[in-house]
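Remarks on the structure that follows.
Below, read A as the first sequence line, B as the second, and so on, with proteins coming before strands; counting in each chain starts at 1. None of the values given here were measured: they were computed from a predicted structure.
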Amino acid sequence: MKKKIGRNDKKRWLTAYLFILPAAIFWTYWFFIPACESFGLSFFEYNYVMPLNNHFVGLNNYIKLFSDNNFLRAIQHSLTIVAVAVPIQTIISLLMALIINKNFKGRGFFRTLFYSPYVISSLAVATVFMYLFAQNQPLTNLFSKLFGMENSAWAVNVRYALILVILMYVWQQVGFYMVMYLSGLQTIPGEINESAKIDGASGFQIFWYITRPLLKPTTFLVITYGVISAFQIFDQISAVAGTGVLGTPGGGHLIQL
Amino acid sequence: MRLIRRILFIIVLLLFSVIFLYPLIYTVQNSLVDLSDLGKFVPLSRLTLDNYILLFTQYPVTRWFMNTLVVTICCVISQILVNTLAGYALARFDFPGKNAIFIIVLASMMIPFQFILTPVYIRLAQFKWNDHLISLIVPFIFQSLFVFMSRQFFLTIPKELEDAARVDGLGYAGTFFKIVLPISGPLITSITILAFTGTWNSYMAPSTFMMTRERFVLSVGLKTVRDFQFVKMNVTLAGVVLLSLPILVMFLCLQKHFMEGIATTGIKG
């Protein structure tokens with residue numbers, strides 16, 4: 001069934017294009033062209049100050065990058081952060097969502113409390129965590145008592161810097177994924193749980209055989225989004241490994257792509 | 001059995017609350033004490049605002065604050081206007097190339113800003129815009145996430161209202177601004193929160209684009225303070241409070257609508 005294109009249609013098209021136009025201009029000029037340039041530049045020896053010297057070098061920059069030990073180590077660190085932080089934050093955020101989803105007084109307060117770190121600057125969070133885990137600070141003391149870890153500043157400790165980054169990252173992010181799980185939980189009709197209860201299913205059975213499978217789409221989203229943002233982590237690393245007077249932890253130094 | 005589960009539930013809830021409250025309390029408490037009182041619980045009378053006064057007198061914090069506020073407000077308003085318009089067109093009109101544009105929007109979401117940082121900086125330098133606040137606004141007006149969120153939201157609201165407005169003789173633009181936007185509260189709040197936090201907290205772009213100390217935004221300025229004053233934890237933590245408080249207040253004011261917005265704008269499974 002082919003519709004005739006009338007004057008009215010043309011007018012609607014024009015309106016649609018006009019509505020999209022501002023976004024399209026900004027996208028083209030500040031996103032698409034720079035992205036193409038970035039890709040193109042990666043095959044050039046390029047110096048902004050001395051443009052005469054710029055020339056095509058093919059894959060040379062990539063070869064240089066992948067034979068750079070710092071870069072390889074940075075990739076390794078990025079992968080570690082993703083592999084450790086994403087599973088932890090997924091499980092904790094699900095647990096938190098299950099708690100908040102219960103009907104009790106003041107759940108709004110707890111929901112807001114758990115989400116609030118997500119709106120704060122990562123730089124601020126990183127600074128606070130660096131102090132919390134400085135030598136003889138309450139949390140360093142606690143961890144050294146509980147797990148026998150060294151009582152020294154984690155941010156400058158080669159072995160602990162990455163753990164510190166993961167801790168602060170998860171602390172800040174879980175609230176966001178909790179909200180995702182909460183809206184996922186709200187799509188599960190209450191009758192299903194009710195009838196399972198009548199059939200004698202325990203709380204854990206309900207979770208494992210009903211809630212968990214029904215939350216699969218949400219979990220997929222949480223993990224996908226989690227992996228993407230964990231790979232892009234920059235501010236926290238820059239705050240911990242940056243030019244602070246505390247110095248840079250040799251092994252915890254990350255270069256971000 | 002019931003009682004045990006209830007107690008267990010309360011314990012877990014309290015544990016989480018401590019984990020989330022403790023860093024906040026620690027920050028506020030230590031920002032309000034003298035260097036010698038760090039980490040101690042002191043009587044209320046010994047709390048002092050000296051650290052904040054020091055920040056405001058020795059650093060151009062007021063200036064940084066104004067810069068951040070100007071950039072954030074400009075970004076929030078322009079991002080809402082430009083991106084909801086595009087999202088509305090994608091949700092309501094049928095036109096050639098619509099699907100291609102939607103795919104472009106989705107694909108743009110996958111690419112991190114780091115990827116285009118260098119060419120954007122070169123562009124800004126060509127305009128002589130580097131080291132000016134405008135460099136923190138114009139390149140960030142298009143946000144693929146907000147276009148996506150708007151599209152998802154507008155698909156859920158009934159079309160009849162707009163048809164009625166059209167019958168009454170309102171143009172397309174009039175319908176959008178006078179009828180559609182006013183009933184899009186959840187969408188506008190969600191975008192406002194995300195745009196506000198995104199701009200206020202951004203660090204990588206402002207630390208790359210700005211050079212003059214007076215033109216810094218708060219995050220960059222306070223980072224330099226932190227690097228010089230790291231030993232003085234109370235001063236640094238006062239800076240952390242200054243950076244975080246406005247955004248927390250903003251969030252607390254808008255959060256009721258925000259949770260509703262999350263459910264209708266497609267940020268969920």
Rounded to the nearest 0.5 Å, what separation is found between the CG atom of B:Leu117 and the OG atom of A:Ser38?
-> 8.5 Å

Pair B:Phe93-A:Tyr17, side-chain contact (heavy atoms from CB on, under 4.5 Å): steps then yes or no = CA-CA 10 Å; B:Phe93 295 95; A:Tyr17 289 132; over 6 Å; no

How long is the span from the OG atom in B:Ser17 to the CZ atom in A:Phe110, to the nearest 0.5 Å?
-> 4.0 Å

Contact check, side chains of A:Ser121 and B:Tyr203, non-hydrogen atoms, under 4.5 Å | no

Using a cut-off of under 4.5 Å for heavy-atom pairs, which of B:Val138, B:Leu237, B:Thr27, B:Leu243 has the most such pairs with chain A?
-> B:Val138

Where does B:Thr84 contact chain A at under 4.5 Å (heavy atoms): side chain, backbone, both or neither?
-> neither

Gap between atom CZ of A:Phe26 and atom CD1 of B:Ile141 - 0.5 Å precision | 3.5 Å

Between B:Thr197 and A:Tyr118, does any side-chain donor sit less than 3.5 Å from a side-chain acceptor?
-> no

Taking the side chain as every heavy atom from C-beta outward, state whether B:Leu85 and A:Ile20 have any pair of such atoms under 4.5 Å apart.
-> no

What's the spacing between A:Thr112 OG1 and B:Phe20 CZ if we round to 0.5 Å?
-> 12.5 Å

Decide yes or no for B:Thr236 and A:Tyr131: does some side-chain heavy atom of the first lie under 4.5 Å from some side-chain heavy atom of the second?
-> yes

Residue among A:Ser116, A:Ser229, A:Ser122, A:Pro138 with most heavy-atom pairs under 4.5 Å to chain B = A:Pro138

How about A:Phe32: does its CZ atom have over 12 heavy atoms from other parts shown lying under 6.0 Å from it?
-> no

Under 4.5 Å from any heavy atom of chain B - which part of A:Tyr46 | side chain

Examine whether an atom of A:Phe114 lies under 4.5 Å from a heavy atom of chain B, and if so say whether it belongs to the side chain, the backbone or both; otherwise answer neither.
-> both

Find the one option among A:Leu182, A:Leu95, A:Thr127 whose heavy-atom pairs under 4.5 Å with chain B are most numerous.
-> A:Thr127

B:Ile247 side, atom CD1; A:Ile120 side, atom CD1 - distance, nearest 0.5 Å | 9.0 Å

Dump the intermediate steps for side-chain contact (heavy atoms from CB on, under 4.5 Å) on B:Leu21 and A:Leu113, then the final yes or no.
-> CA-CA 8 Å; B:Leu21 270 177; A:Leu113 172 69; 3.7 Å; yes

Per-residue contact mode, B:Leu252 against chain A (heavy atom under 4.5 angstrom) = side chain

Segment of A:Leu139 engaging chain B (4.5 angstrom heavy-atom cut-off) = side chain

Ring-ring centroid check A:Tyr115 B:Phe251, cutoff 6.0 Å = yes

When only pairs under 4.5 Å are counted, which of A:Ala23, A:Ala134, A:Ala24, A:Gly175 shares the most heavy-atom pairs with chain B?
-> A:Ala23

Partners of A:Thr90 by side-chain contact (heavy atoms from CB on, under 4.5 Å), sequence neighbours excluded?
-> A:Val86, A:Tyr181, A:Thr219, A:Val222, A:Ile223

Does the side chain of B:Ile116 reach to within under 4.5 Å of the side chain of A:Trp30, using non-hydrogen atoms?
-> no

Heavy atoms from other residues, nucleotides or ligands near CD1 of B:Ile4 exceed 12 (cutoff 6.0 Å) = no

Greatest number of non-hydrogen atom pairs under 4.5 angstrom with chain A, of B:Pro23, B:Ser244, B:Ser219, B:Gly87, falls to B:Pro23

Among B:Leu222, B:Asp94, B:Leu245, B:Ile101, single out the residue with the greatest number of heavy-atom pairs under 4.5 Å to chain A.
-> B:Asp94

Where does B:Tyr172 contact chain A at under 4.5 Å (heavy atoms): side chain, backbone, both or neither?
-> both

If you look at every heavy atom in A:Ala35 and B:Phe115, which pair is closest and at what distance?
-> O-CE2, 3.6 Å

Residue A:Phe43 excluded, over 12 heavy atoms near CZ under 6.0 Å | yes

Any donor and acceptor pair, going by atom type alone, linking the side chain of B:Arg123 with main-chain N or O of A:Tyr29 inside 3.5 Å?
-> yes

Distance (rounded to the nearest 0.5 Å) between B:Met110 CE and A:Gln232 CD = 10.5 Å

Paired with A:Phe31, the side-chain contact (heavy atoms from CB on, under 4.5 Å) test is passed by just one of B:Pro139, B:Ser144, B:Ser108, namely B:Ser108

Are the side chains of B:Arg226 and A:Met130 in touch, meaning some heavy atoms are under 4.5 Å apart?
-> yes

Comparing B:Tyr88, B:Tyr22, B:Phe176, B:Phe140 against chain A, the one with the most heavy-atom pairs below 4.5 Å turns out to be B:Tyr22

Name the member of B:Pro96, B:Ala89, B:Ser207 that forms the most heavy-atom pairs with chain A at distances under 4.5 Å.
-> B:Pro96

Neighbour count above 12 (heavy atom, 6.0 Å) for B:Lys98 NZ | yes

Which is it for B:Phe95 and A:Arg12 under the side-chain contact (heavy atoms from CB on, under 4.5 Å) test, yes or no, and what are the steps along the way?
-> CA-CA 8 Å; B:Phe95 54 91; A:Arg12 286 177 64 88; over 6 Å; no

More than 12 heavy atoms from other groups under 6.0 Å of CZ on B:Arg6 | no

Could you please state which residues from residues 98-109 of chain A sit under 4.5 angstrom from chain B, measuring non-hydrogen atom to non-hydrogen atom, sorted by number, or 'none'?
-> A:Ile99, A:Lys102, A:Phe104

Taking every heavy-atom pair that is under 4.5 Å apart, which of B:Val147, B:Ile111, B:Ile193 has the most such pairs with chain A?
-> B:Ile111

So do the side chains of B:Val105 and A:Trp27 get within less than 4.5 Å of each other, counting heavy atoms only?
-> no

